[in-house]
Visitor: 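Would you mind keeping the following structure in view while I ask a few things?
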Amino acid sequence: MHRAGRGGTLDAQPTQETETRVSKRIGWIGLGRMGEAMVKRLTKAGHAVEVWNRTAAKAAPLAEYGAVVVNSKQDLAACDTVFTMVSTTNDLKDVLFGEGGLVASAQRPRVVIDSSSISQEGSAEIRARLEALGVIYLCAPVSGNAKVAKAGKLLVVASGPKAVYDEAEPLLAAMSRKAMWVGEGELARVWKIAHNTMFGVIIQNLCEITVLAEKAGIPRNVFLESINDSVLGSMYTRYKTPVLTNLTFDQVTFTPKLLLKDMDLGLGAAKAHGVAMPAAAATRESIARVVGRGYEDIDFAVLLKETAADAGLDIQPLNVEVSDGLSS
């Protein structure tokens, strides 16, 4: 396995020095709900992390956890490894290559590890631009939301140079219950796109069957508990149970707009690879309708409310305590 060094030269294998380098200085760009939770896991594991966020107020609280808040993205250029967690492909391009971007000056980090949900094509373009500058690039998207991240139960799936993944694995493991490598290039992007497409289809179906059960007379919390304890139950159905039971949509984990973006990525990938995905296509239209109705900074589980309204059911919060399956 070959990898590019900072100057663009190729080393056949990482030396003992480079194997430990990745943990010396760690930078982080992007402190939304996920980024904040992941940085806290790193600091809890004893790693020193330097952080930057476009909205500085979101970065300031992390100082209490030992993170160092910097004033600009280029302040992180001297780090060995910089993680990025932003919303879109264009956001990632901007923080890397835009004015004052991470790699826009002569000094650059050795490794960039991106955990954003972006397209395969956009990621490949970013990889080519970074490698031309002598910067190594790993994709490392995750499965889970901020609550899952806080509980240390993320799954991290990475792709890129295997030797560099092996160097970074201790950092990825500090933020997750498991980290795994799926191959070279952008294969982790394909995994994330497939994952989030399923994510959308499951919440659509879970809302449909929950409305069916409640309208027929089964208490919503009882039905959801039974699903969680059946062969169909999963970490996903469990951690969505409290919001579906008590309709606490203001406790945002992921917005309808972001889910719509991911469904579009999934359908775009399906078209590119010649794969029919009728369930995903129908789900995409349902989510688009929710977005069109003006739901923005609210959890995507509001889909339950809209599904119930379509069925003529006026659902109400049950105000009962239910487990999210994440507490130890």
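Start at 1 with the first residue, then count along the sequence.
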Visitor: Scan side-chain atoms only and decide if Ser116 and Asp114 contain a donor-acceptor pair under the 3.5 Å cut-off.
Guide: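 There is such a pair (donor and acceptor under 3.5 Å, judged by atom type) between the side chains of Ser116 and Asp114.
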Visitor: Tell me, which pairs form a salt bridge (Lys or Arg N to Asp or Glu O under 4.0 Å) where one or both residues lie in residues 41-69, sequence neighbours left out?
Guide: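 Checked against salt bridge (Lys or Arg N to Asp or Glu O under 4.0 Å) - neighbours excluded - the pairs reaching residues 41-69 are Arg25-Glu50.
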Visitor: Listed by chain and number, what are the side chain to side chain contact (heavy atoms under 4.5 Å, CB included) partners of Ala311, not counting sequence neighbours?
Guide: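 With neighbours one apart ignored, the set is Val211, Lys215.
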Visitor: Without swapping roles, check the side chain of Lys150 against the backbone of Met38 for a donor-acceptor pair under 3.5 Å.
Guide: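 Judged by distance alone, no pair lies under 3.5 Å.
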Visitor: Between atom NZ of Lys40 and atom OH of Tyr65, what is the distance when rounded to the nearest 0.5 Å?
Guide: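 Output value for this atom pair is 3.5 Å.
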Visitor: Under 3.5 Å, is there a donor-acceptor pair linking the side chains of Ser286 and Gln204?
Guide: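 The answer is yes; a qualifying pair exists.
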Visitor: Give a yes or no answer on whether the side chain of Ser123 reaches the backbone of Gln120 with a donor-acceptor pair at less than 3.5 Å.
Guide: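 No: the side chain of Ser123 does not pair with the backbone of Gln120.
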Visitor: With a cut-off of 6.0 Å (strictly less than), are more than 12 heavy atoms of other residues, nucleotides or ligands near NZ of Lys257?
Guide: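 Not buried by this count: 12 neighbours or fewer within 6.0 Å.
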Visitor: Under the 4.5 Å side-chain heavy-atom rule for ILVMFWY, direct or indirect, which residues accompany Leu155?
Guide: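 Once heavy-atom contacts under 4.5 Å are chained together, Leu155 belongs with Val157, Met180, Val182, Leu187, Trp191.
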Visitor: Taking salt bridge (Lys or Arg N to Asp or Glu O under 4.0 Å) as the test, write out the residues that go with Glu225, two or more places apart.
Guide: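 Partners of Glu225 by the salt bridge (Lys or Arg N to Asp or Glu O under 4.0 Å) criterion come out as none, since no residue qualifies.
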Visitor: Would you say the side chain of Thr253 lies within less than 4.5 Å of the side chain of Phe300, judging by non-hydrogen atoms?
Guide: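 With C-beta onward as the side chain, the pair touches.
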Visitor: Do Asn53 and Ile29 come close enough that some side-chain heavy atom pair is under 4.5 Å?
Guide: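 No; the side chains remain at least 4.5 Å from each other.
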Visitor: Any side-chain to backbone donor/acceptor pair from Ser230 onto Ile227? Under 3.5 Å, distance only.
Guide: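 Flag set: sc Ser230 to bb Ile227 pair under 3.5 Å.
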Visitor: Only counting residues at least two apart or in another chain, list the ones meeting side chain to side chain donor-acceptor pair (under 3.5 Å) with Asp310.
Guide: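 With sequence neighbours excluded, Asp310 shows a side chain to side chain donor-acceptor pair (under 3.5 Å) to Arg289, given in chain and number order.
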Visitor: Tell me whether Trp28 is reachable from Leu138 by hopping between hydrophobic residues (I, L, V, M, F, W, Y) whose side-chain heavy atoms are closer than 4.5 Å.
Guide: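 As far as the 4.5 Å side-chain criterion goes, Trp28 and Leu138 are connected within one cluster.
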Visitor: Can you confirm whether more than 12 heavy atoms, excluding those of Met198, are under 6.0 Å from its CE atom?
Guide: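 Not buried by this count: 12 neighbours or fewer within 6.0 Å.
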Visitor: Under a 4.5 Å cut-off applied to non-hydrogen side-chain atoms, are Cys139 and Glu186 in contact?
Guide: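 The answer is yes; the side chains approach within 4.5 Å.
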Visitor: Do the non-hydrogen side-chain atoms of Ile126 and Leu92 ever get within less than 4.5 Å of each other?
Guide: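 With C-beta onward as the side chain, the pair touches.
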Visitor: Say you draw a straight line from OG1 of Thr55 to CG of Leu31; how long is it, rounded to the nearest 0.5 Å?
Guide: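 These two atoms lie 9.5 Å from each other.
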Visitor: Tell me whether Phe97 at atom CZ has more than 12 heavy atoms from other residues, nucleotides or ligands lying less than 6.0 Å away.
Guide: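 Enclosed: over 12 neighbouring heavy atoms sit under 6.0 Å from CZ of Phe97.
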Visitor: Excluding sequence neighbours, so at least two apart, what forms salt bridge (Lys or Arg N to Asp or Glu O under 4.0 Å) with Lys73?
Guide: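 Testing Lys73 for salt bridge (Lys or Arg N to Asp or Glu O under 4.0 Å), a comparison that skips the adjacent residues, returns none.
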Visitor: Evaluate the side-chain proximity of Thr241 to Asn228: yes if any heavy-atom separation is below 4.5 Å, no if none is.
Guide: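 In short, these two side chains touch, coming nearer than 4.5 Å.
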Visitor: What residues, two or more places apart in sequence or in another chain, satisfy side chain to side chain donor-acceptor pair (under 3.5 Å) together with Arg238?
Guide: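 Listed in chain order: nothing, the list is empty.
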Visitor: Would the number of heavy atoms belonging to other residues, nucleotides or ligands and lying under 6.0 Å from NZ of Lys305 be above 12?
Guide: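 Open.
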Visitor: Taking it one step at a time, do Glu125 and Lys93 satisfy salt bridge (charged side-chain N to carboxylate O under 4.0 Å, His left out)?
Guide: CA-CA 9 Å; Glu125 178 189 343; Lys93 289 179 180 178; 2.9 Å; yes
Visitor: Roughly how far apart are Glu296 CD and Leu258 CG, rounded to 0.5 Å?
Guide: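 Reported to 0.5 Å precision, the distance equals 11.0 Å.
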Visitor: For Asp297, what residues pass the side chain to side chain donor-acceptor pair (under 3.5 Å) criterion, not counting sequence neighbours?
Guide: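 Partners of Asp297 under the side chain to side chain donor-acceptor pair (under 3.5 Å) test: Arg33.
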Visitor: Side-chain contact, heavy-atom cut-off 4.5 Å: Thr88 with Ile118?
Guide: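 SC-SC contact between Thr88 and Ile118 ruled out.
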Visitor: Test your reading of the model: is there a side-chain donor-acceptor pair from Arg293 to the backbone of Glu306, 3.5 Å cut-off?
Guide: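 The answer is no, because no donor-acceptor pair under 3.5 Å joins these two groups.
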Visitor: What residues form a salt bridge (Lys or Arg N to Asp or Glu O under 4.0 Å) with Asp324, not counting sequence neighbours?
Guide: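 Result, salt bridge (Lys or Arg N to Asp or Glu O under 4.0 Å) vs Asp324: Lys147.
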Visitor: State, without any angle test, whether Thr245 and Asn221 hold a side-chain donor-acceptor pair at a distance under 3.5 Å.
Guide: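 There is no such pair (donor and acceptor under 3.5 Å, judged by atom type) between the side chains of Thr245 and Asn221.
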Visitor: Do Asn246 side-chain atoms and Asn319 backbone N/O form a donor-acceptor pair below 3.5 Å?
Guide: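 Checked: pair present.
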Visitor: What residue pairs, at least two apart or across chains, pass salt bridge (Lys or Arg N to Asp or Glu O under 4.0 Å) with a residue in residues 94-105?
Guide: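 Residue pairs with at least one partner in residues 94-105: there are none.
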Visitor: With sequence neighbours left out, write down each residue that passes side chain to side chain donor-acceptor pair (under 3.5 Å) with Gln251, or none if nothing qualifies.
Guide: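 Once residues adjacent in sequence are excluded, Gln251 has no partner under the side chain to side chain donor-acceptor pair (under 3.5 Å) criterion.
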Visitor: Are Arg284 and Leu267 packed together at the side-chain level, in the sense that at least one heavy-atom pair is separated by less than 4.5 angstrom?
Guide: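 Yes, side chains in contact.
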Visitor: Would a 4.5 Å heavy-atom cut-off, applied to side chains only, mark Val111 and Asp80 as touching?
Guide: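 Answer no - side chains too far apart.
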Visitor: Give the ring-plane orientation class for Trp181 versus Tyr165, where under 30° counts as parallel, over 60° as perpendicular and anything between as tilted.
Guide: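 Ring orientation, 0 to 90° scale: tilted.
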Visitor: Checking side-chain polar atoms at under 3.5 Å, does Thr255 have a donor or acceptor matched by the opposite partner on Tyr295?
Guide: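 Note: Thr255 and Tyr295 side chains miss the donor-acceptor criterion.
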Visitor: With a 3.5 Å distance limit and no angle check, can you tell me whether Ser176 reaches the backbone of Leu172 through a side-chain donor-acceptor pair?
Guide: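 Yes, because the side chain of Ser176 sits within donor-acceptor range (under 3.5 Å) of the backbone of Leu172.
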Visitor: Does Thr307 use its side chain to pair, donor to acceptor, with the backbone of Glu208 at less than 3.5 Å?
Guide: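 Side chain of Thr307 to backbone of Glu208: no pair is present.
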Visitor: If you draw the axis of the six-membered ring of Phe199, does the NZ or CZ of Lys192 fall within 45° of it and under 6.0 Å from the ring centre?
Guide: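 The answer is no; the distance or angle limit is not met.
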Visitor: Using atom types as modelled and distance alone, determine if a side-chain donor or acceptor of Asp75 lies under 3.5 Å from a backbone N or O of Ser72.
Guide: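 Confirmed, Asp75 side chain pairs with Ser72 backbone.
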Visitor: Of all residues at least two apart in sequence or in a different chain, which pass the salt bridge (Lys or Arg N to Asp or Glu O under 4.0 Å) check with Lys271?
Guide: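 Partners of Lys271 by the salt bridge (Lys or Arg N to Asp or Glu O under 4.0 Å) criterion come out as none, since no residue qualifies.
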